[in-house]
Novice: 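Please find one structure pasted underneath; my questions will follow.
In this text, all values refer to a predicted model and were calculated from it rather than measured experimentally. Just so it is clear, the values below take in all heavy atoms, side chains as well, and ignore hydrogens, waters and symmetry mates.
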Amino acid sequence: YRYLGMKIPILEAVQWRVAAMSADLTILSASVSAEFPRGLLGGWVEWYAKTLMDLERRDREHARRELRYLKELVEER
């Protein structure tokens with residue numbers, strides 16, 4: 001990420017899961033994670049992102065949008 005002119009290495013991952021519950025029901029879910037750099041700067045960046053930028057809520061909303069989009073694609077077929 002670049003923020004305020006600084007390059008900050010944040011590792012992000014998305015884990016998608018598909019679970020067939022029955023012949024008529026399949027559940028698609030996503031789990032998002034981020035790993036911030038270790039040390040004082042990384043701790044500050046993590047606090048800033050979670051507290052002031054509300055990153056966790058924004059990531060959850062983004063994942064929900066992606067899930068809704070995929071749901072619409074699947075249900076159209």
Novice: Check whether more than 12 heavy atoms from other residues, nucleotides or ligands sit under 6.0 Å from atom CZ of R57, and answer yes or no.
Specialist: yes
Novice: Going from CD on E46 to CG on L55, what distance comes out if it is rounded to the nearest 0.5 angstrom?
Specialist: 10.0 Å
Novice: Sequence neighbours left out, what passes side chain to side chain donor-acceptor pair (under 3.5 Å) with S33? Give chain and number order.
Specialist: none
Novice: Just checking E61: does its CD atom have more than 12 heavy atoms from other residues, nucleotides or ligands closer to it than 6.0 angstrom?
Specialist: yes
Novice: For the residue pair W47 and W44, does the interplanar ring angle fall in the parallel (under 30°), tilted (30 to 60°) or perpendicular (over 60°) class?
Specialist: tilted
Novice: Taking atom CZ of R17 and atom OG of S29, what is their separation to the nearest 0.5 Å?
Specialist: 4.0 Å
Novice: Rounded at 0.5 Å granularity, tell me how far CG in L28 sits from CD in E66.
Specialist: 10.0 Å
Novice: Just wondering, more than 12 heavy atoms not from L40 lying within 6.0 Å of its CG?
Specialist: no
Novice: Should R68 and E72 count as an ion pair when the cut-off is N to O under 4.0 Å?
Specialist: no
Novice: Which value, rounded to the nearest 0.5 Å, describes the distance between H62 atom NE2 and L67 atom CG?
Specialist: 10.0 Å
Novice: With sequence neighbours excluded, tell me which residues meet salt bridge (Lys or Arg N to Asp or Glu O under 4.0 Å) with K71.
Specialist: E75
Novice: How long is the gap from CD on E56 to OG1 on T51, to the nearest 0.5 Å?
Specialist: 8.5 Å
Novice: Using a cut-off of 6.0 Å, state whether more than 12 heavy atoms not belonging to M21 lie near its atom CE.
Specialist: no
Novice: Write down the atom of V14, the atom of A30, and the distance for their closest heavy-atom approach.
Specialist: CG1-CB, 4.4 Å
Novice: Can V18 be reached from L73 by stepping across I, L, V, M, F, W or Y side chains whose heavy atoms are under 4.5 Å apart?
Specialist: yes
Novice: In Å and rounded to the nearest 0.5 Å, what is the CZ to CG distance from R65 to L70?
Specialist: 13.0 Å
Novice: Grouping I, L, V, M, F, W and Y whenever their side-chain heavy atoms are under 4.5 Å apart, do V45 and L11 come out in a common cluster?
Specialist: no
Novice: Would V32 and Y69 show up in the same hydrophobic cluster when neighbours are defined by side-chain heavy atoms closer than 4.5 Å?
Specialist: yes
